[in-house]
Amino acid sequence: HAKNRVAVIGSGNWGCVASRLIASNTTKLPSFYDEVRMWVFEEVLLTGNKLSESINQVNENCKYLPGIKLGANVIADPDLENAVKDANMLVFVTPHQFVEGICKKLVGKLRLGAQAISLIKGMEVKTEGPCMISKLITDILGINCCVLMGANIASEIAVEKFSEATIGYKKDKEVAIRWAKLFTMPYFLVSIVEDIEGVELCGTLKNVVAIAAGLVDGLDMGNNTKAAIMRIGLREMCAFSKLLFPSVRDNTFFESCGVADLITTCLGGRNRRVAEAFARNGGKRFLV
Ligand code: NAD
Ligand code: 13P
């Protein structure tokens, strides 16, 4: 079997932690080349240095994940085409609004037989209706795309605190298993589920519930109310998902991507935090 080469598209908080996880595994698994190219949306730091150069100098993203070494085999690359050109496994982990533009730049630039996975929690809402990010990637690039979602607050995984994750796939179980191998660590347990829409919708819709949970916190409404929001929110996530995709399975909501991600995001996520700040300021200003 030919060796696999991985590129990560995105280098924010979760992008860096995912690169670190992957890079630790590629050095140990013989079926992967060690090097992990990480595409960086170039920014100039307050020091005047470029972010990508700074990452390569200190092996750390001082803006989005300060204090965490990424692994010597993570190479930051601000050139999108160059970052992906040799890779046959592409990990998408940017904020969702940038995916369409990135994919358009990559048309005709990928290796034959390339596979993708999306770690992005969100969807594009177009005039024709909602479009999942994995579908956007598949439609624009003509490649298969799995998803990885779960109760995964990046800052906790960065310091190797235990969590679980769920990979959603469509038909090709072998590919899903290959992705699971790439991500699994003793502190990061990955399961696979043949329900890509269900897994991706869980990761997307829990953000709406987390905003409601943050408002409850900001208004000091208490834990019982917050638990009610989470329970009703989970039920609505399930109903809404099935309305969009009747194939979505109930069991998916009991995986890490479902109830576990909902809980962790309503307790410690950024969506919760921004909503709490909004409520505490009388709905006037965002102070996070
Ligand atoms: P982030 O919010 O930490 O950082 C934003 C990133 O976007 C930075 O890398 C920035 O350079 C980049 N960026 C800014 N402008 C851009 C542009 N025009 N084009 C492309 N990139 C640009 O990012 P993150 O936390 O890595 O989030 C990425 C995805 O991962 C999101 O969909 C999020 O829901 C998901 N996610 C995040 C976490 C977490 O704990 N942070 C956990 C699970 C999933
Ligand atoms: P936030 O984007 O709300 O921080 O959620 C992170 C997350 O997805 C945890 O699994």
Side-chain angles (χ1 to χ4, degrees), residues 8-22 38-45 50-52 54-55 61-66 68 70 76-80 83 91-106 117-124 132-134 136-137 147-159 161-168 183 188 190 199-215 217 233 237 255-278 288:
V8 177
I9 300 167
S11 55
N13 196 232
W14 184 215
C16 284
V17 175
S19 297
R20 182 179 185 273
L21 259 178
I22 291 167
M38 181 176 77
W39 174 66
V40 174
F41 174 74
E42 192 66 287
E43 296 180 47
V44 178
L45 301 170
K50 288 184 174 163
L51 178 59
S52 63
S54 154
I55 294 173
N61 186 331
C62 62
K63 181 163 179 187
Y64 293 100
L65 190 69
I68 304 289
L70 299 176
D77 190 340
D79 181 337
L80 181 63
V91 180
F92 284 84
V93 57
T94 61
H96 77 273
Q97 62 269 35
F98 305 126
V99 176
E100 192 165 3
I102 289 169
C103 286
K104 284 182 176 161
K105 287 191 190 130
L106 290 177
I117 193 165
S118 169
L119 275 52
I120 298 164
K121 292 174 175 172
M123 58 161 70
E124 274 295 320
M132 303 314 295
I133 299 300
S134 63
L136 200 68
I137 294 169
V147 297
L148 181 144
M149 308 278 142
N152 299 147
I153 290 181
S155 55
E156 297 177 15
I157 301 167
V159 291
K161 292 181 178 172
F162 178 81
S163 67
E164 298 178 306
T166 316
I167 286 178
F183 283 94
F188 195 75
V190 182
V199 174
E200 195 167 4
L201 276 162
C202 279
T204 301
L205 297 175
K206 59 92 192 183
N207 285 323
V208 181
V209 186
I211 288 174
L215 295 176
D217 285 343
M237 281 166 58
E255 298 289 337
S256 178
C257 64
V259 64
D261 193 10
L262 180 70
I263 293 170
T264 202
T265 308
C266 288
L267 296 179
R270 298 171 299 184
N271 284 289
R272 187 216 65 83
R273 187 146 46 110
V274 81
E276 180 182 11
F278 182 74
V288 185

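Indexing begins at 1, ligand by ligand and atom by atom, following the structure's order. No experiment lies behind these values; they were computed from the predicted model shown. Each residue takes its place number in the sequence, starting with 1.
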Could you go through the side-chain contact (heavy atoms from CB on, under 4.5 Å) check for T94 and W39 one step at a time? CA-CA 10 Å; T94 61; W39 174 66; 4.2 Å; yes
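- Atoms of ligand 2 found under 4.0 Å from any heavy atom of G150 (numbered from 1 in listed order, with element): 10 (O).
- The N152 neighbourhood of ligand 2 comprises atoms 9 (C), 10 (O), with distances under 4.0 Å to a heavy atom of that residue.
- Put simply, CD1 on I153 and CZ on R270 are 9.0 Å apart, with the number rounded to the nearest 0.5 Å.
- The distance from atom NZ of K50 to atom CD of E43, rounded to the nearest 0.5 Å, is 13.0 Å.
- For the ligand labelled ligand 2, residue G268 lies outside the 4.0 Å heavy-atom shell.
- Applying the 4.0 Å criterion to heavy atoms of G269 picks out, from ligand 2, the atoms 3 (O), 4 (O).
- Taking every heavy atom of K121 and a limit of under 4.0 angstrom, the matching atoms of ligand 2 come to 7 (C), 8 (O), 9 (C), 10 (O).
- Inter-residue side-chain proximity for L45 and S54 is flagged as met; some heavy-atom pair is nearer than 4.5 Å.
- Those atoms of ligand 2 that come under 4.0 Å of a heavy atom in N271, given as number and element, are 1 (P), 2 (O), 3 (O).
- An N or O contact shorter than 3.5 Å is missing between A151 and ligand 2 by distance.
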Distances for all N or O pairs of ligand 1 and the protein under 3.5 Å?
unit_1, atom_1, unit_2, atom_2, d
ligand 1, 2 (O), R270, NH1, 3.2
ligand 1, 3 (O), N13, N, 2.8
ligand 1, 9 (O), G12, N, 3.1
ligand 1, 11 (O), E43, OE2, 2.6
ligand 1, 25 (O), W14, N, 3.3
ligand 1, 25 (O), R270, NH1, 3.4
ligand 1, 25 (O), R270, NH2, 3.4
ligand 1, 26 (O), N13, N, 3.3
ligand 1, 26 (O), W14, N, 2.9
ligand 1, 26 (O), G15, N, 3.2
ligand 1, 32 (O), K121, N, 3.1
ligand 1, 40 (O), A154, N, 2.9
ligand 1, 41 (N), N13, OD1, 3.3
ligand 1, 41 (N), R270, NH2, 3.2

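- Taking 4.5 Å as the limit, some side-chain heavy atom of I9 sits within range of a side-chain heavy atom of L106.
- With contacts defined as side-chain heavy-atom distances shorter than 4.5 Å, the pair K121/T265 does not qualify.
- Residue D261 touches ligand 2 through its side chain alone, judged by heavy-atom distances below 4.0 Å.
- Using a 4.0 Å heavy-atom cutoff, R272 is absent from the residues neighbouring ligand 2.
- At least one side-chain heavy atom of C16 sits under 4.5 Å from a side-chain heavy atom of M38.
- Partners of S256 according to the side chain to side chain donor-acceptor pair (under 3.5 Å) rule, which considers only residues two or more places apart in sequence or in another chain, do not exist here.
- Relative to atom 2 (O) of ligand 2, the option among K206, R270, M149 with the closest non-hydrogen atom is R270.
- With a 4.5 Å cut-off on side-chain heavy atoms, M132 and L201 count as touching.
- At a 4.0 Å heavy-atom cut-off, ligand 2 touches T265 through the side chain alone.
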